[in-house]
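A quick write-up on the structure given underneath.
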There are 2 protein chains.
Amino acid sequence: MRDAKEPHGGRSPGSEATDDYLKAIFEIGGREERMVGSKEIASHLEITAASVTNMLQKLAAAQPPLVVYQKHHGVNLSRAGKKRALEIVRHHRLIETFLAQVLGYPWDEVHQEAERLEHFISERFEERIAAKLGHPEFDPHGHAIPALDGSLPGGAPGRAPQALSQLKPGQTARVASVSDKDPDMLRHLAAEGIRPGIRLTLSERLPFSGSFQVRVGKSEKLCSLSEPLASAILVATK
Amino acid sequence: MRDAKEPHGGRSPGSEATDDYLKAIFEIGGREERMVGSKEIASHLEITAASVTNMLQKLAAAQPPLVVYQKHHGVNLSRAGKKRALEIVRHHRLIETFLAQVLGYPWDEVHQEAERLEHFISERFEERIAAKLGHPEFDPHGHAIPALDGSLPGGAPGRAPQALSQLKPGQTARVASVSDKDPDMLRHLAAEGIRPGIRLTLSERLPFSGSFQVRVGKSEKLCSLSEPLASAILVATK
DNA sequence: TGAAATATTTAGGTATGCCTAAGTTCTGGC
DNA sequence: GCCAGAACTTAGGCATACCTAAATATTTCA
């Protein structure tokens, strides 16, 4: 409503929907920034592929273009689109950290709330919570928070984190991050004491269920993780 | 986007626009809950009267109806509409208080940010900030924060606050609240030391400018307030 | 009371962003 | 190289919520 007034405390262009597309492309494309297909975006955002095509044409036609789009061959973020995507990701992860640390949210609830609020906070709000939190580099799930200039904290530049499911029996690694998408999973992991920074040792993979037996920290007890769970945990081998 | 999914963390019906209308009717109608005309709503929301008519028809046709609407004679909140309006006002004022007290916002900036965020926070967020703030009864501008059940903290049930401009020369009164709408005004008042709880004594009204000469607290110096300023300050005579 | 001024409603249009259904283009296995 | 099925695009609609212009109702006041 209210005519052509800009909606978000005077921030850059783009509606809520635009933001969602840019973030989706950013998340699906990964660090390699590969071309992303309409169908992938559609299922990520839980909308139809037809809707995606239309929006991609608009994003590509925007001034400046937010994506580079070749019909039938996928999209990619442009310079401006990537900048905006990083802003949104920064908002999201700062809000998650804020909700957990300042408001005491359980970590399985922060994602949903941040998903909504990330579109509506002002630069001032972002700046205030970043200051209050001491300009954190990682959110509660272990994901890197982009800096204001769009740069990502490097992590240990040695090895890129890999899925827990990739470890060999006997290997030990530190949890780098866990997926924030599934609250049930997060509750389960919290109950097992698994969170970023914790050391895990893969004991064995059970032959029939395919589940992973893992030792958490220095505890005696083994913990059993299903395949999807083990794929949602990224670890860094020391 | 996302089909018919409810937008606000599973709260009651109503879009952002719906909320704005209900809040406007609530604010314009005042405690007496008098009938409110389309034009008043239109100018409050800075939209055209034609848009208002359309929306009022929808609000009246909703199940349950959110307003009681008689064509050409104005609207009024229904029971359900009033409940929702109070929820929004509670959100708004809690957010304002939170921004000021927890995030250190200057008081002239809290309104704009709250105006946006009030539509998007979940019940959980509301509950957490209310708890963090110790369930405050008044926001930084002195406005009463409705309780969860919709009741308003009574103020001193003795006299209803009146505009500072209604005082007679020589009278002393305590500032109950100031309007939160105009940031410039708020900055000016803050600079003069005028805020809720402060005691003011009206010295005189200047004959030509119409401005009010006021003594703030126990200070020696007089402070000059223009008519609109003096009308935006509500005071309670002791 | 009746006409002018004001308030309100109706009718028709715009933009966003989603949908379904019906093509079209691409790709991989034979 | 061809063709089936998957991926993608086009075309046509719908809902929301705003707009302008024109018509109508209400109020005011001489």
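Naming: A, B, ... by sequence-line order, numbering from 1 per chain. None of the values given here were measured: they were computed from a predicted structure.
The CG-P distance, from A/Asp19 to C/dT16, rounds to 15 Å in whole Å. The separation between B/Leu45 atom CG and D/dA17 atom P is 13 Å, rounded to whole Å. Rounded to whole angstrom, the span from the CE atom of B/Met55 across to the C1' atom of D/dC19 amounts to 14 Å. Atom CG in B/Asn54 sits roughly 11 Å away from atom C1' in D/dC19 (whole-Å rounding). Protein atom CD of B/Gln70 is 19 Å distant from nucleotide atom P of C/dA7, rounded to whole Å. The NE2 atom of A/His72 sits 5 Å away from the P atom of D/dT9 (whole-angstrom rounding). In this structure, NE2 of A/His73 is placed 17 Å from P of C/dT24, rounded to the nearest angstrom. Rounded to a whole Å, the NZ atom of B/Lys39 is 18 Å from the P atom of D/dT26.
Residue B/Thr53 places no side-chain N or O under 4.0 Å from the OP1 or OP2 atom of C/dT10. In terms of phosphate contacts, B/Tyr21 brings a side-chain nitrogen or oxygen within less than 4.0 Å of OP1 or OP2 of D/dC18. Distances shown here put every side-chain N or O of A/Ser51 at or beyond 4.0 Å from the OP1 or OP2 atom of C/dG17. For A/Lys71, a side-chain nitrogen or oxygen approaches OP1 or OP2 of D/dT10 to under 4.0 Å. For D/dC8, neither phosphate oxygen OP1 nor OP2 lies less than 4.0 angstrom from any side-chain nitrogen or oxygen of A/Tyr69. Distances shorter than 4.0 Å separate some side-chain N or O of B/Gln57 from OP1 or OP2 on C/dT10.
Residue A/Ile47 has its side chain nearest to C/dC19 when only C/dG17, D/dC8, C/dC19 are considered. Of the listed nucleotides (C/dC19, D/dA17, C/dC26), C/dC19 has the atom at the smallest distance from the side chain of A/Thr48. If you check C/dG17, C/dT9, D/dT10 against the side chain of A/Ala50, the one that comes closest is D/dT10. The nucleotide whose nearest atom lies closest to any side-chain atom of B/Ser15 is, among C/dT20, D/dA17, C/dT10, D/dA17.
Taking the side chain as every heavy atom from C-beta outward, B/Ser78 and B/Lys82 never approach each other to under 4.5 Å. Between A/Val67 and A/Asn76 the shortest side-chain heavy-atom distance does not fall below 4.5 Å.
Between the side chains of A/Glu118 and A/His92, at least one donor N or O lies within less than 3.5 Å of an accepting N or O.
For A/Glu96 and A/Arg93, the salt-bridge test fails: no basic side-chain N is under 4.0 Å from an acidic carboxylate O. Under 4.0 Å is where a charged nitrogen must lie from a carboxylate oxygen, and between A/Arg84 and A/Glu87 at least one such pair does.
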Test salt bridge (Lys or Arg N to Asp or Glu O under 4.0 Å) applied to B/Asp20 and B/Lys23, step by step: CA-CA 5 Å; B/Asp20 283 337; B/Lys23 193 168 68 138; 5.5 Å; no
Worked check of salt bridge (Lys or Arg N to Asp or Glu O under 4.0 Å) between A/Glu113 and B/Arg124: CA-CA 9 Å; A/Glu113 186 94 37; B/Arg124 167 136 236 160; over 6 Å; no
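A donor-acceptor pair under 3.5 Å is formed between the side chain of B/Glu40 and the backbone N or O of B/Gly37.
If one axis is set at each end of the helix from C/dT1-D/dA30 to C/dC30-D/dG1 from five pairs, those axes are 10° apart, to 10°.
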